[in-house]
Amino acid sequence: MMKKQIKKYALLLLIVFGNGYAQTKKYMDPKKPIEDRISLLMKEMTLEEKVGQMNQYNGFWDVTGPAPKGGSAELKYEHLRKGLVGSMLTVRGVKEVRAVQKIAVEETRLGIPLIIGFDVIHGYKTLSPIPLAEAASWDLEAIRKSAAIAADEASASGINWTFAPNVDVSNDARWGRVMEGAGEDPYLGSKIGYARVKGFQGETVADLAKVNTIAACAKHFAAYGFVEAGLEYNMVDISTSKLYNSVLPPFKATVDAGIRTFMNSFNTLNGVPATGNAFLQRDILKGKWNFDGFVVSDYASIREMIAHGYAKDEADATAKAVLAGSDMDMESYLYVAKLVALVKEGKVKESLVDDAVRRILRVKFELGLFDDPYRYCDEKREKEVVGSKANNDGVLDMAKKSIVLLKNEKNLLPLKKSGQKIALIGALANDKNSPLGSWRIAADDNTAVSVLEGMQQYKDNQLTFEKGADLLSQKATFLTETVFNTTDKSGFEAAKTAAKNADVVVMVLGEYGFQSGEARSRTDLNLPGVQQELLEEIYKVNPNIVLVLNNGRPLSIPWAAQNIPAIVEAWHLGTQTGNAVAQVLYGDYNPSGKLTMSFPRNVGQVPIYYNKYSTGRPIDSDKNVFWSHYMDVEKTPQFPFGFGLSYTTFDYKNLKINKTAFSKGEKIQVSVEVTNTGNVDGKEVVQLYINDPVASIVRPVKELKGFELVALKKGETKTVQFTLTEKELGFYDNEGKYLTESGLFNIMVGWNSNEGLTSKFELK
């Protein structure tokens with residue numbers, strides 16, 4: 001009887017105070033500096049427990065249900081109870097997270113809490129636009145707020161770590177993961193990456209301990225945006241100049257923002273898988289950049305080094321990953337299985353394990369998990385925050401700012417608010433699932449506001465909806481290939497009748513939400529299925545068409561660009577899609593978005609990007625065939641980087657540089673006057689580009705080095721000023737050294753990467 005009472009009392013203490021052993025330890029003292037607490041804890045840890053902190057498992061059973069029996073799930077469960085798991089991913093919801101955290105904290109010897117990771121890419125339950133769409137806003141504060149909304153909801157659901165932001169620069173629209181990034185430009189990508197980190201984590205590392213922030217993760221380190229042929233998981237073969245000047249700057253910006261974790265990538269670089277690449281992880285990230293957070297592998301990428309042909313077996317892959325600086329193993333099962341033996345055999349130094357564990361524990365301490373492992377497990381807060389009106393209002397604001405007006409002839413837009421007969425056509429117009437986009441695994445299906453629902457709120461017009469044709473021939477899921485309808489056109493006639501009787505036709509066409517994202521590479525960037533044929537058939541009966549595009553990447557739409565009078569790039573805008581699109585179409589919001597990836601005329605131009613190189617024969621100077629061009633299409637994009645229209649017009653004049661020659665170290669002041677010459681208020685993204693025409697390494701024909709989002713009332717003029725320093729004028733050489741060279745610099749300030757006012761100055 002006495003033994004039962006003692007056991008019952010001990011259990012009560014465990015529930016109230018957590019692991020009693022851990023609570024008595026000095027590393028639990030919140031008054032001590034974090035580094036001291038880490039040292040004290042590591043003295044208590046066995047080699048096996050250290051390696052356990054480097055092990056991350058995917059969620060593998062219903063945590064609130066019975067313990068798993070048999071298979072890998074049972075093994076993972078036993079590892080969790082023995083303190084051999086440092087992190088879990090895709091466990092979500094307060095009840096689930098609390099249950100798994102309770103095992104780690106209350107049933108293991110040292111009571112080390114788990115860090116809970118999740119792919120919070122563009123929102124948790126309430127979804128913002130996909131990141132590529134958000135980038136088109138060029139509104140850094142709005143992007144920061146969007147990430148903060150995502151962090152607010154994720155943290156309220158028990159999550160304390162997101163695998164975002166993706167800061168891969170990419171100029172290849174065939175690659176489906178362009179939807180996760182900020183586009184083709186490293187300067188803009190750096191600014192956006194910095195803003196997203198601040199949104200997720202707060203302004204300082206101290207903010208990580210707040211309950212509404214989460215640790216961010218820069219990915220994919222590095223060069224994943226340049227996979228050959230745009231093919232997922234493929235090799236990368238780029239120059240060191242491209243690496244230093246295009247790939248690395250956004251990653252460095254996240255380090256400057258205080259990011260706490262990095263994720264390496266699936267690709268090879270210089271023949272070495274990024275997961276086993278010491279040059280990237282040890283020399284640059286942890287060396288030159290002094291990054292003191294930790295690096296997690298991408299999903300099973302340590303094991304995949306065997307398939308790459310870089311590691312001969314599991315033990316070899318484990319050793320190479322640790323030696324290269326991969327601190328945490330995501331779902332390869334190799335560290336926990338092989339690393340202890342490798343250390344004991346002298347093949348991996350225990351000091352490397354210690355370094356990795358210190359990094360992981362540091363982030364856990366910074367998150368406040370040791371002081372309160374259940375700090376993210378408040379069910380009341382979860383109910384109040386997730387899906388709140390404030391968060392829905394926030395993502396609606398972001399969605400409107402992400403829309404890009406590509407064309408607007410015949411004054412079709414904005415639509416009249418009364419007296420118009422409008423035919424709304426396209427399966428995507430009445431779709432509540434596709435607009436959520438890819439990478440939205442916590443969101444409930446069919447929770448987006450459809451375009452039809454958004455437009456129905458404007459009740460003084462006669463609105464008729466016809467699907468025209470199914471987009472899909474079977475249900476789309478995140479884990480399966482998307483299969484499109486290529487034969488059934490039975491709805492064409494009804495759609496043509498509706499269009500014939502309308503003043504204006506609004507057609508919502510594009511990609512399905514799961515057609516972009518990971519493993520969604522395409523060699524055809526046209527409208528999939530029968531959509532192009534439907535568009536042309538409707539045009540025959542009524543050419544007054546407003547084409548609303550839903551997509552996660554640049555599309556090739558040459559026929560539409562030539563024939564359709566109004567085109568709106570509406571991306572996959574998330575939960576509030578329909579409301580955002582309707583408010584733009586009806587003029588309650590004046591679009592101000594600008595493209596951050598060039599739209600090709602056809603897929604044969606890809607990769608295509610504004611910051612290209614001139615080549616030795618850039619123009620047809622001799623009036624013959626021997627110059628850099630295509631025989632069958634212009635070499636310019638359909639819509640260039642930085643392009644986007646408004647319902648008003650803007651005039652640029654009086655571009656000034658404060659003097660014509662500067663010495664190194666001086667600040668160069670550039671100004672331009674911008675006037676709203678139209679009839680409505682609007683916003684303009686004023687863009688500054690430079691060109692270094694003669695350099696020790698050939699420089700691009702243009703490079704974005706400044707931008708300003710300016711609000712102008714109708715008739716208003718503002719002077720926009722930029723400051724250029726050596727930071728903007730220089731570049732990295734092939735050894736990674738930053739150079740600023742003397743000579744002439746050309747400058748352009750304008751409304752997209754192709755058009756603007758020009759001037760020049762000399763740097764002595």
Side-chain angles (χ1 to χ4, degrees), residues 396 399-400 403-432 435 448-469 491-510 527 531 534-550 557 559-571 573 576-593 644-649 678-682 714:
L396 173 59
K400 290 186 290 188
I403 293 173
V404 183
L405 180 62
L406 295 178
K407 191 176 179 183
N408 190 22
E409 298 175 355
K410 296 186 178 182
N411 294 317
L412 289 187
L413 291 174
L415 300 172
K416 297 176 182 177
K417 292 184 178 177
S418 63
Q420 265 189 329
K421 294 180 180 178
I422 301 172
L424 178 61
I425 296 173
L428 288 174
N430 193 31
D431 197 308
K432 294 173 64 63
V449 177
S450 70
V451 174
L452 175 59
E453 290 172 326
M455 293 184 69
Q456 284 174 335
Q457 297 177 51
Y458 294 81
K459 301 182 182 299
D460 293 333
N461 281 322
Q462 182 180 326
L463 179 66
T464 303
F465 169 71
E466 287 291 343
K467 179 170 59 176
F492 275 30
E493 290 305 315
K496 289 166 67 174
T497 299
K500 194 180 300 183
N501 296 325
D503 299 316
V504 179
V505 180
V506 176
M507 298 189 70
V508 184
L509 307 176
L527 296 170
Q531 292 181 105
L534 175 63
L535 177 62
E536 294 184 31
E537 287 296 305
I538 298 300
Y539 182 81
K540 291 176 182 177
V541 299
N542 189 341
N544 294 325
I545 295 175
V546 176
L547 173 60
V548 177
L549 293 172
N550 287 174
I557 52 167
W559 187 91
Q562 181 178 352
N563 294 285
I564 301 302
I567 304 175
V568 176
E569 175 52 78
W571 314 103
L573 294 176
Q576 289 292 322
T577 290
N579 289 330
V581 171
Q583 289 181 34
V584 167
L585 293 182
Y586 282 101
D588 286 337
Y589 188 86
N590 187 357
S592 58
L645 304 175
S646 170
Y647 292 152
T648 189
T649 54
N679 297 318
V680 295
D681 300 345
K714 59 181 180 180

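- For Asp588, the salt bridge (Lys or Arg N to Asp or Glu O under 4.0 Å) partners are Lys417, not counting sequence neighbours.
- With a 4.5 Å cut-off on side-chain heavy atoms, Ile564 and Met507 do not count as touching.
- With sequence neighbours excluded, no residue satisfies side chain to side chain donor-acceptor pair (under 3.5 Å) with Asp431.
- Residues Leu534 and Leu527 form no side-chain contact, since every pair of their non-hydrogen atoms from C-beta on lies 4.5 Å or further apart.
- The line from OG1 of Thr648 to CG of Asn679 is 6.5 Å long, rounded to the nearest 0.5 Å.
- In terms of modelled atom types and a separation under 3.5 Å, the side chain of Asn590 and the main chain of Tyr647 share a donor-acceptor contact.
- Counting only heavy atoms from C-beta outward, the side chains of Val568 and Val581 never approach each other to under 4.5 Å.
- Between the side chain of Glu569 and the backbone N or O of Trp571, at least one donor-acceptor pair lies under 3.5 Å.
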Step-by-step side-chain hydrogen bond (donor to acceptor under 3.5 Å, both in side chains) determination, Gln457 to Asn579:
CA-CA 9 Å; Gln457 297 177 51; Asn579 289 330; 2.6 Å; yes

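- Remark: the backbone N or O of Gly419 is paired with a side-chain donor or acceptor of Asn461 at under 3.5 angstrom.
- For the pair Leu396 and Gln583, the minimum side-chain heavy-atom distance is below 4.5 Å.
- Side-chain atoms of Lys496 do not come within 3.5 Å of backbone N or O of Glu537 as any donor-acceptor pair.
- Classified by interplanar angle (parallel below 30°, tilted 30° to 60°, perpendicular above 60°), the ring pair Trp559/Tyr539 is perpendicular.
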